[in-house]
Each structure stands twice: as C-alpha cells, then as structure tokens.
There are 2 protein chains.
Amino acid sequence: MGRWQPNSRGRLEQAALELYVERGFAQTTVTEIARQAGLTERTFFRYFADKREVLFSGSAELQEVLIGAVAGAPEQAAPIDAVAAGLDAMGGVLRDLPRSRRRQSVISANPELQERELAKLATLSTAVADTLRGRGVQEPAATLAADAGIAVFRVSFERWIGGPDDGELRRFIKDSLAELKAVTSAS
Amino acid sequence: MGRWQPNSRGRLEQAALELYVERGFAQTTVTEIARQAGLTERTFFRYFADKREVLFSGSAELQEVLIGAVAGAPEQAAPIDAVAAGLDAMGGVLRDLPRSRRRQSVISANPELQERELAKLATLSTAVADTLRGRGVQEPAATLAADAGIAVFRVSFERWIGGPDDGELRRFIKDSLAELKAVTSAS
DNA sequence: CCGTTGATGTCAGGAGCTGACATCGCTGGC
DNA sequence: GCCAGCGATGTCAGCTCCTGACATCAACGG
C-alpha cells in the first residue's frame, strides 16, 4: 500500500457529485469536497482547474469517441452523415441514464455549470469541424455541419434524460437528426 | 448638477473595455475599472453581476431585435426563413465593425469570456426557439432551427470580423445561410 | 544505502463577490 | 420653506476561489 489512498481524482469527482447533489453547487465549498475525499483544497486544484471542471472529466473521452467515429466514416460519406456516425458512437457510450440524470440535475440548477457545459459542447463542435476538414470538407460547411450535429446531440440528450427509464440515447439521436434535415430543407 | 456624475453604467462599460484591451482581462481588477470610472468596486457589482458581464450589456437589445423580427416574419414563412429574417435584422444592428473587432479581440483572448459569450448565444437560441413555438412550430423543430440559425450567425460574425473593413454582416449572413441549407440537405 | 522523484500538505495572499449599514443630495407633500 | 423618505453610492467586514512557494516523506532506482 502506498503512502496515500489510490485514485485521488476519482475520489474527488465522486465526493463533488455527491455534495453538489446533496446541497447544491454554490453551497458546497472546495474545502468540503477535498475533506470528504480525504485530501486538501490545494490538491483539488492540482487535479481540476476550477470548482466546475470536476463535473466534466468525462468529456475528453467522449470527444475521442466522437471524432474517432467521424474520422472513421466511409470516405465518400457526406459531412452530415459522417457527423451522424460520430453522434451514434457517442450514443453508444452514454448508457448510464440514472447517473446522467443526477449529473444533469446539478448542471441545470446552476448557470455557471451550464456555461461550462456549453463550453464543452463548443469544444466538441470545434473538434468535429477540424476532423471534417481533415476529410476534405471546406469551410464554412465543416463548421455548420459540426454545429448542427451538436444541436442534434443537445436535443437528443435532453429528450433522453426526460424520457422513459429504458430509453436509448441512440434512438433519440436518430430521430432528431431526421428532424434537422426536415427543418433545414424547408422553404 | 446631481450629487454624482451621470451614466455610471456607461462609464463602467467604457472603462472596462479600455482596460481589458489595454492590459488584458485577467490582468485588470474590478477595483481598477471602478476607479477609472470614478466609482468604487461595490458599485461595479451593483450594475454588473460579475467581471465578465460588463462586456455583454448589449446582448439584451440584440435579442429584442432578433426575436422581434422572427415574430414579425410572414405567418406562412417556414421556421428557417423566420429565423433568417431575425438574423438579417441583427445584421442591420451590428454596423460598427471596429468596435466589434476590439470587443471580440478581448473575448477571443480569454476562455472565461468565451464561455460567457457562448452562454449569451445560447440565450438567444432559446429565445428564438420560444418565439418559433409561439408561431406554432413544434419541438424539436423549433430548437433545431434556432440552433442552426445561431450557428449561421457565429460563422457569419467571424467572417465579418476577419473580412475587409467595409464588409457588411448582413451579406455574410445571407451567404452562410445558403451554405447551411446545402450542407444539411446532403445525402 | 542514499539521492531523486512525485504526490500531497502547509501557508500566505490576492481577487471576486456579498451582506449590512452609513451617507447625503434630491424630491414631494405640507 | 421644511422635513421625511428615497435612492445612488460609499464603507467595511468577511467568505470563497484560486495560486505560488516551499516543506514533507514514502517509494523507487542505482
């Protein structure tokens, strides 16, 4: 056994989510989170850039899955279809509906956290646009297709969270994508 | 003459923009801004919720113009065309290219400000979606059309900022919207 | 066996932000 | 004209977020 308990980062994440759910984001201090994880405030800030970031550690992995699928789409696939492949892959990763619901309830209750979530989604969008350009898609088509794709994800995620307990995110994504195409092709 | 100089809010906004441009957002303290405006830090926080908000006071007005035009679009217009009308109206309001460039240079240099900007754009998107629903558009079409519209605005604004000194935002919006339709109707 | 490394702790301090209360010209009723 | 209340601002204390500098000490490698 080492000098310290293992997995400090994970303990901090769990402690933070528990306390945020229990008493709210604003009413929880970083000192309390660290204390609950058996660490100090200073160590918290060595793992996370700020008090919000602790809720978004999974976004890096999600991004890898997303752009991996976009990059791996058939070479002749249209931009929007490559994006669709990426979204579908994300839908395959996000399977823990109860956890997503708890996390989202915390975020929905706090504007600062909503800002950070928007920033994360924007990062995803930028990464997708970069990947599309790597496939030869020109601007501004790459950015527009990426942004539209992220919009589809947001809508789908929300419907998944608010849907039945046995709902599958991938299905909502499929439906919303069809809606997007219908909407933008109008007129 | 009153007990105090008039237009405290405006003086704070101007002082903040000047200092942010001059020495950067992070290197400017609220106390310095207030001092430059002939006020105290406490008064700054009476006018603005936080240090970032002082750069976004115009967004409320912009939102009114946007949703006013969306609501005023011909009754039989498709959702995406109502959104297009709103974007065009915004393009008519944003005419001061040099000022937009200075402001945007500050925002681009600071992640915290980019987060706030994303939040403001998200607010616009939500307002547009609400207005579309008021026109009888169902979900998720309303949200998707609104999000796609905001994506078009972002792309257009960026191209306007980076374009020639005599560029007109409205023209970039027109072009980007056409691109969006082309991209999403593919496959 | 010892020097280095790396995760953590300790401490001091600046800056953002808030609540409570004070100040004092201005305004309206009398 | 006088006075009471209002409202914009100031003053002050204090919490929390976040950072830099330095200390600690088990584990690891030579």
Side-chain angles (χ1 to χ4, degrees), chain A residues 1-57 106-107 109-117 119-120, chain B residues 1-57 106-107 109-117 119-120:
Chain A
M1 218 181 67
R3 183 178 175 188
W4 290 283
Q5 298 294 319
N7 195 25
S8 294
R9 168 181 284 266
R11 273 152 50 215
L12 286 168
E13 286 173 9
Q14 184 176 341
L17 181 56
E18 282 173 10
L19 290 173
Y20 290 169
V21 166
E22 195 177 301
R23 69 179 77 168
F25 175 79
Q27 286 69 43
T28 304
T29 70
V30 174
T31 301
E32 288 169 342
I33 297 169
R35 192 160 184 278
Q36 172 129 344
L39 296 163
T40 64
E41 184 195 27
R42 191 65 184 87
T43 297
F44 177 95
F45 286 112
R46 287 201 178 94
Y47 282 102
F48 305 101
D50 59 51
K51 191 185 167 188
R52 299 171 236 174
E53 197 66 16
V54 67
L55 275 180
F56 297 89
S57 67
V106 173
I107 293 175
N110 189 282
E112 292 180 64
L113 292 173
Q114 291 167 42
E115 279 196 9
R116 179 56 50 84
E117 183 172 48
K120 294 298 182 185
Chain B
M1 217 181 72
R3 183 177 175 189
W4 290 283
Q5 299 293 319
N7 194 24
S8 294
R9 168 181 285 266
R11 273 152 52 215
L12 286 168
E13 286 173 11
Q14 184 176 342
L17 181 57
E18 283 173 10
L19 290 172
Y20 290 169
V21 167
E22 194 177 303
R23 70 180 77 168
F25 175 79
Q27 287 68 43
T28 304
T29 70
V30 174
T31 301
E32 288 167 343
I33 297 169
R35 192 162 181 278
Q36 173 130 341
L39 296 164
T40 63
E41 183 195 28
R42 191 65 184 87
T43 296
F44 178 96
F45 285 112
R46 287 201 177 95
Y47 282 101
F48 305 100
D50 57 52
K51 191 186 169 187
R52 297 171 237 176
E53 197 65 17
V54 68
L55 275 181
F56 297 90
S57 67
V106 173
I107 294 174
N110 189 281
E112 291 180 64
L113 292 173
Q114 291 168 42
E115 278 195 8
R116 180 56 51 83
E117 183 172 48
K120 293 299 182 186

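Order of the sequence lines sets the chain letters (A, B, ...), proteins ahead of strands, with each chain counted from 1.
The side chain to side chain contact (heavy atoms under 4.5 Å, CB included) check on Q114(A) picks up I107(A), with sequence neighbours excluded. Shown here are the side-chain hydrogen bond (donor to acceptor under 3.5 Å, both in side chains) partners of T31(B), two or more places apart in sequence or in another chain: there are none. In terms of the side chain to side chain contact (heavy atoms under 4.5 Å, CB included) criterion, N7(A) has no residue partners (sequence neighbours excluded).
Remark: C1' of dG16(C) and CZ of R52(A) are 12 Å apart, rounded to the nearest angstrom. The distance between atom NZ of K51(A) and atom P of dT16(D), rounded to the nearest whole Å, is 9 Å. Atom P of nucleotide dA15(C) and atom CZ of R35(B) are separated by 14 Å, given to the nearest angstrom. Put simply, CD on E53(A) is 15 Å from C1' on dC17(D), counting in whole angstrom units. Whole-Å rounding puts the F45(B) CZ to dT11(D) C1' distance at 16 Å. What separates CZ of F44(A) from P of dC17(D) is a distance of 9 Å, to the nearest Å. Put simply, CG on L113(A) is 12 Å from P on dC17(D), counting in whole angstrom units. Rounded to an integer number of Å, the gap from CG of L12(A) to C1' of dC17(D) is 16 Å.
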Report all side-chain donor-acceptor pairs from residues 37-45 of chain A shorter than 3.5 Å, counting only partners two or more places apart or in another chain.
unit_1: T40(A); atom_1: OG1; unit_2: T43(A); atom_2: OG1; d: 3.4

Output a table of donor-acceptor pairs, distance under 3.5 Å, between side-chain atoms of residues 46-55 of chain B and any protein atom two or more places apart or on a different chain; print 'none' if there are none.
unit_1: D50(B); atom_1: OD1; unit_2: R52(B); atom_2: N; d: 2.9
unit_1: D50(B); atom_1: OD1; unit_2: E53(B); atom_2: N; d: 3.1
unit_1: D50(B); atom_1: OD1; unit_2: R116(B); atom_2: NH1; d: 3.1
unit_1: D50(B); atom_1: OD2; unit_2: R116(B); atom_2: NH1; d: 3.3
unit_1: D50(B); atom_1: OD2; unit_2: R116(B); atom_2: NH2; d: 3.0
unit_1: K51(B); atom_1: NZ; unit_2: F25(B); atom_2: O; d: 3.0
unit_1: K51(B); atom_1: NZ; unit_2: T28(B); atom_2: O; d: 2.7
unit_1: R52(B); atom_1: NH1; unit_2: E115(A); atom_2: OE1; d: 3.1
unit_1: E53(B); atom_1: OE1; unit_2: R116(B); atom_2: NH1; d: 2.6
unit_1: E53(B); atom_1: OE2; unit_2: K120(B); atom_2: NZ; d: 2.6

Below 3.5 Å between N/O atoms, which protein atoms pair up with nucleotides 6-10 of chain D? Just atom names and distances, please.
unit_1: dG7(D); atom_1: N2; unit_2: R3(B); atom_2: NH1; d: 3.3
unit_1: dT9(D); atom_1: OP1; unit_2: S8(B); atom_2: OG; d: 2.4
unit_1: dT9(D); atom_1: OP2; unit_2: Y47(B); atom_2: OH; d: 2.4
unit_1: dG10(D); atom_1: OP2; unit_2: T40(B); atom_2: N; d: 3.0
unit_1: dG10(D); atom_1: OP2; unit_2: T40(B); atom_2: OG1; d: 2.8
unit_1: dG10(D); atom_1: OP2; unit_2: T43(B); atom_2: OG1; d: 2.5
unit_1: dG10(D); atom_1: N7; unit_2: R46(B); atom_2: NH1; d: 3.2
unit_1: dG10(D); atom_1: O6; unit_2: R46(B); atom_2: NH2; d: 2.5

Set out, line by line, the N/O atom pairs under 3.5 Å between protein and nucleotides 28-30 of chain D.
none

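Screening residues 18-36 of chain A for salt bridge (charged side-chain N to carboxylate O under 4.0 Å, His left out), with sequence neighbours left out, gives R23(A)-E32(A).
At a non-hydrogen distance threshold of 4.0 Å, nothing from residues 19-31 of chain A comes into contact with DNA chain C.
Taking CD of Q14(B) as the start and CD1 of I33(B) as the end, the distance is 12.5 Å to the nearest 0.5 Å. Here the OH-CG distance, from Y20(B) to N110(B), works out to 9.0 Å after rounding to the nearest 0.5 Å.
Here the side chain of R11(B) pairs a donor or acceptor atom with the backbone of P6(B) at under 3.5 angstrom.
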